[in-house]
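A, B, ... follow the sequence lines: proteins, then strands. Residue 1 opens every chain.
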Amino acid sequence: MGNKQTIFTDEQLDAYQDCTFFTRKEILRLHGRYHELAPHLVPMDYTNDPDVKVPLALIVNMPELKENPFRNRIVESFSEDGKGNLSFNDFVDMFSVLSEMAPRELKAIYAFKIYDFNVDNYICKEDLEKTLNRLTKEELTPEEVILVCEKAIEEADLDGDNKLSFADFENMISRAPDFLSTFHIRI
Amino acid sequence: MKRRLKCLKEAQAFVEKFEGALGKGKGRRLYAFKVMMTKKLIKFNRDFENFKTACIPWESRIKEVESHFGSSVASYFIFLRWMYGLNLVLFGFVFGLVVIPEVLMGMPYGSIARKTVPRDEQDSAMDFSVLFEFGGYCKYSIMFYGYYNNQRSIGLLQFRLPLSYLLVGVGIFGYSLMVVIRTMARNANEGGDGAEEGAFTFSWKLFTSWDYLIGNPETADNKFASTTTSFKESIVDEQENLKDENIHLRRFLRVIANILILCCLGGSGYLIYYVVKRSQEFAKKDRNELTWLQKNEVEIVMSLLGLVCPPLFEVISELEEYHPRIALKWQLARIFALFLGNLYTFLFALFDEVNAKLDNEKEIKNETIWALKEYYDNYTLHHNVTENIPPPNISPADVIRGPCWETEVGIEFVKLTVSDIQVTYLTILIGDFLRAVIVRFLNYCWCWDLEAGFPSYGEFDISGNVLGLIFNQGMIWMGAFYAPGLVGINVLRLLSSMYYQCWAVMSCNVPHERVFKASRSNNFYMGLLLLVLFLSLMPVIYSIMTLPPSFDCGPFSGKDQMYDVIMETIEKDLPPFMADIFSYASNPGLIMPAVLLMVLAIYYLNAVSKAYQNSNMDLKRKMQMVEGCVFGCCKSSGSSHSSSRSQATRASARYCPRTSTRSRHGKRKRWTTTTKIVSSKEFLFVLDIKFGTKSNFKGVIYAI
């Protein structure tokens, strides 16, 4: 349907449409955006699956991510090596999870990964403190920070280990009325 | 992602290899055919989805607004776009089923009395001032009810225009109801089951306050500031219980505030009634003697009230000292009451006018009958024939006309809509644009900083705009039956409004300083729209059921009631047994049990949904208990023991997303735990691939 493009084979496009929440046009547009991040690095022809990764520093400068205080963590949690270098597959994956069509449970999984700064599968007090400081640009006093983190753990922790496991986090976030509308990037 | 692609390829290869094996023997060809058709259907659905998303307009425009102002302002524009789609469909109905048949197959302009401008109005019919008020040629055009002929079937196709007119008029409401409820249901599904407010205040603030859509540095700064303020407020709230100092004074002030507001509402209602009465007086005088102000008094007063009262309510509500979120709800409720009161007062006043016209009509009808009788008597006198007298040969412009009350009502609604449009656009121009220009340019030579202090740049008033949109739609619903052209005007209005307001918001407004969204506000506005739909349905249905149609204009002229058209169709067009069926169906003995059955069904569904909620709570509690139990049990068996730790991790791994697969869509979650895929068979069993359920498949793929 539409013009013939030579970036992907038809099977590849079908596979992308199966594995993400994007339509064909959006996938092609995403490739355009990925290419303009690093025109010398990213080939225009993806039919033979080149192994190209764009480094973290270039991705966090995208206009959609530039103002986000968690941009580094977002890119890191979608990268395979954990350092933030995204291949095109990871890039599409990232925006697919953050798109409007992704379901709540999926977004909760990735939100947990993003807010888990030390990648130990728990959101502990240090992770919460880091989140809060990034959110308020360190405007709160240290006592206030400690108070907020303690209150948050008190509210959400179900099993009593003083940190949030994924189940605690999901239980809390699934009832949040704003979660779906704020955890959403339009591209 | 790579894993997902690999898994997808494996799954597809496996399915292809084994799919022939599933259809054995005689059923093989049929099965293969079914499989092929299903694949084609999936592909067709996907292409159609692609096409549909390509058709959605204004996506980039809304994205720009979103990145500058956040998701709450953009939600207004998304609502506007949705309204535009709804109105476009309504326009398609009205235009295709009522206007086009009349234009193509009905009598042309000037052929019969109702379609021609009367003789005494003809020399002023083309004047701009007359046209601007929808008199003259406008009044006798397809835009209004009076133009349509009451011929039972017209043209080659025997198109039943009166029936179509009535059905489209009612169908507009039916379609709108269906669409609104469907959207509400969809929103409710995504809303999530809300916990009580205050259960997770700090956690939610931590994890959901940042709006990921923000892409503009200024907005981001504002967001940081508002997040910090919000945290500080919660901390203060938490640290000390706000003592209600002098609760009596506060209660007294609130009572006074409510009394003041009731006075305002009553005053505005009375003002509208008075003005409409006055306009009836003016209508009796000659049109040329009235000033422009007097002619358009009603519309101007209504629009001005809609402009002046909301800020007045805001000032009065300062007395009340409510929490901002509660104050916003009160404000919205009051504005709603204001608009509603105004609209209904207007309707009542209009009703009086209609009744007056109906009385007038009786006189004119008698006159026309008398004139006809005179003509026949004269003819008999002159030509000595009593039968087969040809009808009088008068030009259509000279025939005595009755006051067509439906057209008058239609004109009133169109004038109201147009003046509403004018006031909205002017407000944006003056209130936002002029203000921004003044602040920007006068700042160089002014004593205080205009940008920081008063008046500064305006913020986009979301609730005011959304309410305006909802009430505009209510007026369209009310007026569409009497003025088919009104829907077309509204489509144009929404289209231009989109571009105009997008431009205005980007160039003249600044992002909000305080962001306190009413949670789930999307469904709140939809609920309001539903209420307005019902409220605008009632006058139309009442007038169809009780008021007799005019005797000489419109598609129902000559009948006793408008719905007689349906009775006529049932008698004449449908086979005779249908008439019997309808007469049985309208028997009260049948309708009462049907209503009773529906009430019982509602009660049953309510009970079932409560039962589901209860079982939901039970399951959640069990989950909590199991988690605590597992951990407690591991703890008790010695926490330093490595085996128990691994037991704990394995137990918690059951809930970890990496190793458990569960379908992520839909309310019902199937829990199947698996760690490693041993063979393709197990793979197939575990993933439970159902042909055709793309979403299930995708959700499962995501689990990997």
Dump the intermediate steps for side chain to side chain contact (heavy atoms under 4.5 Å, CB included) on A:T182 and B:S209, then the final yes or no. CA-CA 7 Å; A:T182 53; B:S209 48; over 6 Å; no
Please check if the distance between the ring centroids of A:Y115 and B:F207 is under 6.0 Å. yes
In Å, rounded to the nearest 0.5 Å, how long is the span from CZ of A:R24 to CZ of B:F51? 14.5 Å
Closest heavy-atom pair, A:M172 versus B:W204, reported as atoms and distance to 0.1 Å, is O-NE1, 3.0 Å
Using the test side chain to side chain donor-acceptor pair (under 3.5 Å), find all partners of A:D49 that sit at least two apart in sequence or belong to another chain. A:Q12
Among A:I187, A:V148, A:I153, which residue has the highest count of heavy-atom pairs closer than 4.5 Å to chain B? A:V148
Would you tabulate the side-chain donor-acceptor contacts of residues 70-78 of chain A under 3.5 Å, counting partners in other chains and residues two or more places apart, or write 'none'?
residue: A:R71; atom: NH1; partner: A:K66; partner atom: O; Å: 3.0
residue: A:R71; atom: NH1; partner: A:N68; partner atom: O; Å: 2.8
residue: A:R73; atom: NE; partner: A:I114; partner atom: O; Å: 3.0
residue: A:R73; atom: NH1; partner: A:E76; partner atom: OE1; Å: 3.0
residue: A:R73; atom: NH2; partner: A:K113; partner atom: O; Å: 2.7
residue: A:R73; atom: NH2; partner: A:D116; partner atom: O; Å: 3.3
residue: A:S77; atom: OG; partner: A:R73; partner atom: O; Å: 2.8
residue: A:S77; atom: OG; partner: A:I74; partner atom: O; Å: 3.0

Heavy-atom closest pair (A:L135 atom, B:L206 atom, distance to 0.1 Å) is CD1-O, 3.2 Å
To the nearest 0.5 Å, what is the distance between NZ on A:K137 and OG1 on B:T227? 10.5 Å
Check ion pair B:K205-A:D178 (N to O, under 4.0 angstrom): no
About how many Å separate CG of B:D47 and OG1 of A:T23, when rounded to the nearest 0.5 Å? 10.5 Å
Under a 4.5 Å heavy-atom cutoff, which of A:E154, A:E11, A:H184, A:E139 has the most pairs with chain B? A:H184
Please classify the contact of B:D221 with chain A as side chain, backbone, both or neither, using a heavy-atom distance under 4.5 Å. side chain
How far does CD1 of A:I185 sit from CD1 of B:I214, to the nearest 0.5 angstrom? 11.0 Å
In terms of heavy-atom contacts, B:F231 and A:T136 come closest through CD1-CG2, 3.9 Å
Salt-bridged, B:R46 to A:D14, with N to O below 4.0 Å? yes
When the 4.5 angstrom heavy-atom criterion is applied to A:E80 and chain B, the contacting part is side chain
B:W210 versus A:E67, closest heavy-atom pair with distance: CZ2-O, 3.4 Å
Could you have a look at A:I173, A:L128, A:L164 and say which one has the most heavy-atom pairs with chain B under 4.5 angstrom? A:L128
Smallest heavy-atom separation, B:F224 atom then A:R134 atom, equals CE2-O, 3.4 Å
The side-chain hydrogen bond (donor to acceptor under 3.5 Å, both in side chains) partner of B:S203 among A:E155, A:K151, A:R175 is A:E155
Could you state the interatomic distance from CD (A:Q17) to CD (B:E49), rounded to the nearest 0.5 Å? 10.5 Å
With only heavy atoms counted, which part of A:I123 is less than 4.5 Å from chain B, the side chain, the backbone, both or neither? side chain
Over all atoms of both residues, closest heavy-atom pair of B:D211 and A:S181: OD1-O, 4.0 Å
Would you find more than 12 non-hydrogen atoms of other residues, nucleotides or ligands less than 6.0 Å from B:E59 atom CD? yes
